[in-house]
K.L.:
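Got a structure for you, written out below as structure tokens; questions coming shortly.
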Amino acid sequence: GAVVSQHPSRVICKSGTSVKIECRSLDFQATTMFWYRQFPKKSLMLMATSNEGSKATYEQGVEKDKFLINHASLTLSTLTVTSAHPEDSSFYICSAPDRGTGNTIYFGEGSWLTVV
Amino acid sequence: GDSVTQMEGPVTLSEEAFLTINCTYTATGYPSLFWYVQYPGEGLQLLLKATKADDKGSNKGFEATYRKETTSFHLEKGSVQVSDSAVYFCARGSQGGSEKLVFGKGTKLTVNP
């Protein structure tokens with residue numbers, strides 16, 4: 001079964017609204033999680049590193065005020081796309097390393113966001 | 001910077017055909033190399049990995065060898081099955097650490113009976 005669960009798998013929202021995507025580690029505690037996004041026919045690109053109990057670290061070019069990341073517990077990180085626009089439509093996926101099993105990296109199922 | 005270049009798909013094969021998906025990476029440092037597979041409706045799963053030059057990763061009949069001289073990590077399988085239909089991603093650990101991955105664009109494989 002899934003070791004990292006992501007929700008929702010698909011979401012459609014209106015321009016200007018915000019949408020939250022959750023990433024949960026089910027069988028282990030994750031002090032660090034990673035958020036990626038994938039544009040059509042492009043690579044998965046790392047957006048940010050989510051750190052439990054502290055601020056996220058964003059990659060160059062990623063707007064931290066637009067993509068809010070909260071890692072409030074050892075098993076949950078959330079990505080909120082604020083004031084969404086059609087160009088934010090993308091595939092978002094999270095990953096979490098399980099440091100108890102030699103840093104095996106588990107990925108969520110991914111979330112398809114469509115902004116209309 | 002770090003990058004991974006992966007053969008573009010889609011790739012369509014008949015069952016029992018030989019599969020090769022090419023992957024090359026930028027040679028910054030000595031990164032770990034990975035192949036991930038994503039079955040329909042599921043998350044990415046680690047298929048195999050190699051952590052140093054000449055290492056061969058293998059799993060479920062798939063193999064890939066870390067070739068430092070050609071900066072390649074091509075994925076091969078001698079006889080594909082319908083159940084191998086999925087999207088395959090080549091990835092390398094980034095300079096920021098092996099937990100952060102740099103991915104190729106993914107290659108969709110469809111195997112027909």
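Lettering of chains follows the sequences in order, A, B, ..., and the numbering in each one begins at 1.
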K.L.:
Where on Leu46(A) is there a heavy atom nearer than 4.5 Å to chain B: the side chain, the backbone, both, or neither?
P.N.:
side chain

K.L.:
Output a table of donor-acceptor pairs, distance under 3.5 Å, between side-chain atoms of residues 105-113 of chain B and any protein atom two or more places apart or on a different chain; print 'none' if there are none.
P.N.:
residue	atom	partner	partner atom	Å
Thr107(B)	OG1	Gln6(B)	NE2	3.0
Thr107(B)	OG1	Met7(B)	O	2.4

K.L.:
State whether the number of non-hydrogen atoms from other residues, nucleotides or ligands found under 6.0 Å of Lys66(A) atom NZ is greater than 12.
P.N.:
yes

K.L.:
If I take atom NZ from residue Lys100(B) and atom OG1 from residue Thr57(A), how far apart are they, to the nearest 0.5 angstrom?
P.N.:
6.5 Å

K.L.:
Given a strict heavy-atom distance threshold of 4.5 Å, which part of Arg99(A) is in contact with chain B: side chain, backbone, both, or neither?
P.N.:
side chain

K.L.:
Take a 6.0 Å sphere around NZ of Lys49(B) and say whether it holds more than 12 heavy atoms from other residues, nucleotides or ligands.
P.N.:
no

K.L.:
Identify whether Leu76(A) and Trp35(A) are in the same connected component of the hydrophobic contact network (ILVMFWY, side-chain heavy atoms under 4.5 Å).
P.N.:
no

K.L.:
Answer yes if Trp35(B) and Leu13(B) sit in the same cluster of Ile, Leu, Val, Met, Phe, Trp and Tyr residues linked by side chain heavy atoms under 4.5 Å apart, and no otherwise.
P.N.:
yes

K.L.:
Starting at CD of Gln38(B), measure out to CD of Glu109(A) and round the result to the nearest 0.5 Å.
P.N.:
9.5 Å

K.L.:
So, for Ser43(A) and Gly104(B), which heavy atoms are closest and what is the spacing to 0.1 Å?
P.N.:
OG-C, 3.4 Å

K.L.:
Answer with side chain, backbone, both or neither: which region of Thr104(A) has an atom nearer than 4.5 Å to a non-hydrogen atom of chain B?
P.N.:
neither

K.L.:
Say whether Val80(B) and Val11(B) are linked into one hydrophobic cluster, either directly or through other cluster members, by side-chain heavy-atom distances under 4.5 angstrom.
P.N.:
yes

K.L.:
Which bit of Phe91(A) is near chain B, if near means a heavy-atom gap under 4.5 Å: side chain, backbone, both or neither?
P.N.:
side chain

K.L.:
Can you tell me if Glu87(A) has over 12 outside heavy atoms packed within less than 6.0 Å of its CD?
P.N.:
yes

K.L.:
Are Ile93(A) and Leu44(B) side-chain neighbours, meaning at least one heavy-atom pair lies under 4.5 Å?
P.N.:
yes

K.L.:
With a 4.5 angstrom heavy-atom cut-off, is it the side chain or the backbone of Glu8(B) that approaches chain A, or both, or neither?
P.N.:
neither

K.L.:
For the atom pair CZ (Phe103(B)) and CD (Gln38(A)), what is the distance rounded to the nearest 0.5 Å?
P.N.:
9.5 Å

K.L.:
Does Tyr39(B) have more than 12 heavy atoms from other residues, nucleotides or ligands lying within 6.0 Å of its OH?
P.N.:
yes

K.L.:
Hey, are the side chains of Leu101(B) and Phe107(A) touching, using non-hydrogen atoms and a 4.5 Å cut-off?
P.N.:
yes

K.L.:
Can you tell me how far CD of Glu99(B) sits from OG1 of Thr32(A), rounded to the nearest 0.5 angstrom?
P.N.:
6.0 Å

K.L.:
Can you say whether Tyr106(A) sits under 4.5 Å from chain B via the side chain, the backbone, both, or neither, judging by heavy atoms?
P.N.:
neither

K.L.:
Enumerate the residue pairs fulfilling disulfide bond (SG atoms under 2.5 Å apart) with a member in residues 77-116 of chain A, sequence neighbours excluded, ordered by first and then second residue.
P.N.:
Cys23(A)-Cys94(A)

